[in-house]
Amino acid sequence: SVNPMAYEAQFFGFTPQTCMLRVYIAFQDYLFEMMLVVESVILKKLDGFPNAKISAFQIRKSTEKFLLFMKEHFDKLFGKMEEVLLQLVLNIPKNVLLPEDKVHEQYPYTKEQFQALQDEIDQLQQRYKAEASAGQALLAEIEEQKTVQAELEKILQWFDGLENICRAHGTSNFKESFAFLTQNSKKLQGVLKDVEKKSK
Amino acid sequence: APGRGQLFAAVVDTFLEKLVAAGSYQRFANCYRDFYRLQPELTRSIYDQFVSQLQASIKEEIQEVKEEGNLEALFNSLDKIVEEAKEQEEPAWRPSGIPEEDVRSAMVPYLLKHRAYLRKVLKEKEEENRKLAEAVLAGRDRIAELQRLIQDRKQAWQAISKEQRELVLTFKE
Amino acid sequence: FDELIVETTTKRKQWPKKILMHAIQTMKGEQE
């Protein structure tokens, strides 16, 4: 099974294996290119020695022989290098957490805990909305109370005004003065009757 | 311990050394034996050029890969991250492969902040409403008081009406 | 496969921040 080294890819922005593959292919290309250059240089030099009796085919054989040998060692050495680099350089140790994932260390919330947190937030929001509308209602009542109080105070002032008028005209207590008036008028009636009787 | 950058360079250098050691001049001369017999010095210089060119190309390639992948900086920052985690024994968290789950923890700190904010404003609102409720109750008492006062005054006036009627009656008589 | 790994892990690295930005905007909106 391939270890995709996803966490390393998250950090490096590429998969370590790809990086190594890219290096391997580049190195291998260089090796082949260099061999071709070596071969072409030798063939060119041989042009200067027509009696040397060394054919291009022979040179090609030599090139392949040397290249085969180099390739074997190259693959073996590269395998070792890749192993070391993937283990010690292009890898993220198991105990290491990348900075962008720190939050998972600080808040290892389970699904249930997360849901509970969201529920609590929803509930707080509902309660806040309820409080806010309750607050509106209270404010509305306070406004209404101001009007009502003003009306009631106006009525009380009206009564005060009434009583002040009375006081201003010498009758501070109506009850008594009516009673007094009634009494007086009864007396007057009595006197009136006497007068009428006497006058008859 | 050497940083990742040094390790990387050391490993590549070792690879190169061993590769060159494997492809030794003896081996090279042995493969091109006829040409070597004909021109040993030339063979040597061709081999030397081959080796130095191969090393130069490989070093250049490595440099290119480092620049392209910004490896130097990444190695240094990874060294730091690893250094910071050296106390950490347990295997650290890794993506679960379920994005919804993984993004959840990323939300938590902000949800906690949001919850704290909501708790704060709710508390303030409740306190505010408590005061308002007190004011409303006080207002209701005040209104009740005023209504009672008015009631008293009204009754007092209405109480007069009995005497007033008597008086009117006497006038009528 | 390689591209898939790189694409997925890039999202793992970048998207929580993006999602958070929107989530925070939403929360701020709610708060306002």
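In what follows, chains are A, B, ... by sequence order, proteins preceding strands, each numbered from 1.
In summary, A:R60 and A:E39 engage in a salt bridge, as defined by a charged side-chain N under 4.0 Å from a carboxylate O.
At most 12 non-hydrogen atoms from other residues, nucleotides or ligands lie less than 6.0 angstrom from CZ of A:F180. Around atom NZ of B:K59, more than 12 heavy atoms belonging to other residues, nucleotides or ligands sit under 6.0 Å away.
In terms of heavy-atom pairs under 4.5 angstrom with chain B, the leader among A:L77, A:I92, A:L124 is A:L77. For chain A, the option among B:R115, B:Q88, B:R119 with the highest count of heavy-atom pairs below 4.5 Å is B:R115. Most heavy-atom pairs under 4.5 Å with chain B, from the set A:E33, A:E163, A:K76, A:K186: that is A:E163. Considering only heavy-atom pairs separated by less than 4.5 Å from chain A, the leading option among B:R37, B:E100, B:R140, B:E166 is B:R140. Chosen from B:E84, B:R33, B:Q53, B:M107, the residue pairing most often with chain A at heavy-atom distances under 4.5 Å is B:Q53. Counting heavy-atom pairs under 4.5 Å between each of A:K65, A:E141, A:E64, A:Q183 and chain B puts A:E141 at the top. Note on A:V23, A:L139, A:T63: by heavy-atom pairs under 4.5 Å with chain B, the leading option is A:T63. For the set A:D101, A:V148, A:V84, A:L188, the entry with the most heavy-atom pairs within less than 4.5 Å of chain B is A:D101. Chain A forms more heavy-atom pairs under 4.5 Å with one residue of B:D79, B:I46, B:T43 than with any other, namely B:I46. No other option in B:Q39, B:E128, B:E89 has as many heavy-atom pairs under 4.5 Å with chain A as B:Q39. Counting heavy-atom pairs under 4.5 Å between each of A:I155, A:V41, A:L46, A:L117 and chain B puts A:L117 at the top. Between chain A and the options B:L169, B:T14, B:L19, B:V82, heavy-atom pairs under 4.5 Å are most frequent for B:L19.
For A:L31, the parts sitting under 4.5 Å from any heavy atom of chain B are the backbone and the side chain alike. When heavy atoms are compared at a cutoff of 4.5 Å, A:L97 approaches chain B by way of both its backbone and its side chain. Neither the backbone nor the side chain of A:N51 comes within less than 4.5 Å of any heavy atom of chain B. In this structure, chain B has heavy atoms under 4.5 Å from both the backbone and the side chain of A:F74. With a threshold of 4.5 angstrom between heavy atoms, B:V168 does not approach chain A through any atom at all. Only the side chain of A:Q189 comes within contact range of chain B, with at least one heavy atom under 4.5 Å from a heavy atom of that chain. The contact between B:L74 and chain A is made by backbone and side chain atoms together, counting heavy-atom distances below 4.5 Å. With a 4.5 angstrom heavy-atom cutoff, A:Q118 touches chain B only via side-chain atoms. Only the side chain of A:Q10 comes within contact range of chain B, with at least one heavy atom under 4.5 Å from a heavy atom of that chain. Contacts between B:N70 and chain A at a heavy-atom distance below 4.5 Å are absent for every atom of the residue. A:E131 touches chain B through backbone and side chain together, each having a heavy atom under 4.5 Å away. Neither the backbone nor the side chain of A:A130 comes within contact range of chain B, judged by heavy atoms closer than 4.5 Å. Using a 4.5 Å cut-off between heavy atoms, B:L78 touches chain A through backbone and side chain atoms alike. Looking at A:N91, the atoms closer than 4.5 Å to chain B (heavy atoms on both sides) sit in the backbone and in the side chain alike. When heavy atoms are compared at a cutoff of 4.5 Å, A:Y7 approaches chain B solely by way of its side chain, counted from C-beta outward. Neither the backbone nor the side chain of A:V37 has a heavy atom closer than 4.5 Å to any heavy atom of chain B.
No hydrogens or angles considered: a donor-acceptor pair under 3.5 Å links the side chains of A:T110 and A:Q113.
With respect to B:Q63, the side chain to side chain donor-acceptor pair (under 3.5 Å) criterion is satisfied by exactly one of B:E61, B:E67, B:E60: B:E67.
For the atom pair CD of B:E17 and CG of B:D13, the computed distance is 6.5 Å after rounding to the nearest 0.5 Å. For the atom pair CG (A:L21) and CD (A:Q28), the distance works out to 10.0 Å, reported to the nearest 0.5 Å.
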Discussion item. The test is side-chain contact (heavy atoms from CB on, under 4.5 Å); show your working for B:Q49 and A:V38 and say whether it passes.
Written reply: CA-CA 9 Å; B:Q49 275 184 59; A:V38 163; over 6 Å; no

Discussion item. Could you walk me through whether A:F159 and B:L149 satisfy the side-chain contact (heavy atoms from CB on, under 4.5 Å) test, starting with their C-alpha distance in whole Å, then the side-chain angles of each, then the deciding distance to 0.1 Å, before giving a yes or no?
Written reply: CA-CA 10 Å; A:F159 274 117; B:L149 284 176; over 6 Å; no

Practice prompt. Might you work through the ring-ring contact (aromatic ring centres under 6.0 Å, His included) test for A:F27 and B:F15, ending with a clear yes or no?
Written response: CA-CA 11 Å; A:F27 283 14; B:F15 164 78; 5.5 Å; yes

Fill in: Verdict with supporting geometry, B:L71 and A:F14, side-chain contact (heavy atoms from CB on, under 4.5 Å)
CA-CA 11 Å; B:L71 289 187; A:F14 53 78; 3.4 Å; yes

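Nearest heavy-atom pair across A:S185 and B:F171 is CB-CE2, 4.1 Å.
A:Y109 has its ring centre no less than 6.0 Å from the ring centre of A:F114. The six-membered or imidazole ring of A:H73 lies near that of A:F69, with a centre-to-centre distance under 6.0 Å.
Note on ring orientation: taking the six-membered ring where Trp is involved, the planes of A:F66 and B:F28 are perpendicular (angle over 60°, cut-offs 30° and 60°). Aromatic ring orientation, B:F50 versus B:Y47: tilted (interplanar angle from 30° to 60°).
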